[in-house]
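Here is the structure we will look at.
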2 protein chains.
Amino acid sequence: MQQQADNIVHTLKSKSLRVTPQRFAVYANLLARADHPTAEQIVQALNQNVPTSSQATVYSSLQTLRDAGLIREVLLEEGVCRYDANVAPHHHFRCKCCGEIEDIAWEQFFGLDLQNLRPGLRVEGYEVTVYGMCDRCDSSTAT
Amino acid sequence: MQQQADNIVHTLKSKSLRVTPQRFAVYANLLARADHPTAEQIVQALNQNVPTSSQATVYSSLQTLRDAGLIREVLLEEGVCRYDANVAPHHHFRCKCCGEIEDIAWEQFFGLDLQNLRPGLRVEGYEVTVYGMCDRCDSSTAT
DNA sequence: CTTTGTGCAAACGATTTGCAGGATG
DNA sequence: CATCCTGCAAATCGTTTGCACAAAG
């Protein structure tokens, strides 16, 4: 627990981010949960008992953490942006029904038996987004 | 051209959608373009010369067409929803620089040489979203 | 102390909605 | 002619911003 807290403080410092209670709370909360919460859900979670962080601060902390590469945004739904403290490459499983999102380890994908991602998941399809540079941008950027 | 128009009318009717000039225009526009426009871009395109469809109508037409399975939404960016008249399964390439989106044929993906999607594209990474039903939802739905 | 973060409330952009009039099947 | 669609403007939702005060290094 204390160990965990020290780690967070250390990680933030290593990115030259000031360690404020709010920022700490946002990051700690995200690290502690396996779902992929929206900004709003994080605000809720942090202020459940005692008000600790304003909405604006949570949004700004999320941006800061994202820019530092400590968290990533996940866009699987329209309208909302979800966050994930797992920055290692990995894929996502999304339930069409409840919208629940589950991580799929990176290695599992290529050559994977999609019908057996894990017992209990019924896979109906998948979509791949490849990202990189297109020719036009590539040539306009200094080579 | 006329052939094309008839096809659109026919397709709309086959989904029991009323054929209104606005709805026709939205669908025709989406079928005619290869990019993945936002609702706003479609509004622009349709009203470029003569005002033909209000913003609200375009949004509602897009919803209707989506519900009918004639178009699909593509979420590759935060904040905006893009639309695609290509409802066949396929993947996307997104340029990190200009944001341009290009379709990748479905068959190409598994066992694909990502470095040679097509000459000119520099691939930096990819993400997969698998969708389906999770155990919880699966059991709550009548089996 | 200087810099950066916080909180509030107002501003914003994308999308939705309520409602009256109009077009479609 | 009953139903569904359109257009306008106001409303809503998620997110951002301006600014004065407070806290961190």
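Each chain gets a letter, A, B and so on, in the order its sequence line appears, and its residues count up from 1. For the numbers below, each heavy atom of this structure counts, side chains included, while hydrogens, waters and symmetry mates do not.
- In this structure, B:Gln63 atom CD and D:dC5 atom P are separated by 12 Å, rounded to whole Å.
- Here B:Gln22 reaches the OP1 or OP2 of D:dG7: one of its side-chain N or O atoms lies under 4.0 Å away.
- Distance CD (A:Gln55) to P (C:dC12): 17 Å, rounded to an integer number of Å.
- At distances below 3.5 Å, not a single donor-acceptor pair connects side-chain atoms of A:Thr129 with backbone N or O atoms of B:His92.
- Of the two residues near DNA chain D, B:Arg23 and B:Ala56, the one whose nearest nucleotide lies more 5' is B:Arg23.
- Across all strands shown, A:Ser53 has heavy atoms under 4.0 Å from sugar-phosphate atoms exclusively, and none from any base.
- No engagement by B:Ser16 is indicated, since no non-hydrogen atom pair under 4.0 Å with the nucleic acid exists.
- Across the protein-nucleic acid pair, B:Arg66 atom CZ and C:dT15 atom C1' stand 11 Å apart, rounded to whole Å.
- Straight-line distance from the OH atom of B:Tyr59 to the P atom of D:dA11: 19 Å, rounded to whole Å.
- Taking atom CZ of B:Phe24 as the reference point, atom P of C:dA23 lies 19 Å away to the nearest angstrom.
- Ring geometry for A:Tyr126 against B:His91 counts as parallel: the plane angle stays under 30°, on a 0 to 90° scale with 60° as the upper cut.
- Applying the side-chain hydrogen bond (donor to acceptor under 3.5 Å, both in side chains) test to pairs two or more places apart or on separate chains, those with a residue in residues 62-72 of chain A are A:Arg66-A:Glu73.
- The base of D:dC4 lies close enough to the side chain of B:Arg18 for a donor and an acceptor atom to sit less than 3.5 Å apart.
- Residue whose closest nucleotide on DNA chain C sits further toward the 5' end, between B:Val19 and B:Tyr83: B:Tyr83.
- With C:dT6, D:dG7, C:dG25 as the choices, the nucleotide that has an atom nearest any side-chain atom of B:Thr57 turns out to be D:dG7.
- Contact annotation: A:Thr20 side-chain N/O to C:dT6 OP1/OP2 distance is under 4.0 Å.
- Here the nucleotide nearest the side chain of B:Ser54, chosen from C:dT15, C:dC8, D:dC8, is D:dC8.
- For the 3.5 Å distance criterion, the side chains of A:Gln44 and A:Gln48 fail to qualify, holding no donor opposite an acceptor.
- At the phosphate of D:dG14, neither OP1 nor OP2 sits under 4.0 Å from any side-chain N or O atom of A:Thr38.
- Following rounding to the nearest Å, A:Leu17 (CG) and C:dT4 (P) show an atom-to-atom distance of 12 Å.
- The CD atom of A:Gln41 sits 14 Å away from the C1' atom of D:dC13 (whole-angstrom rounding).
- Per the geometry, CG belonging to B:Leu75 stands 10 Å off P belonging to C:dT15, to the nearest Å.
- Between the side chain of B:Asn47 and the main chain of B:Val43, a donor-acceptor pair closer than 3.5 Å is present.
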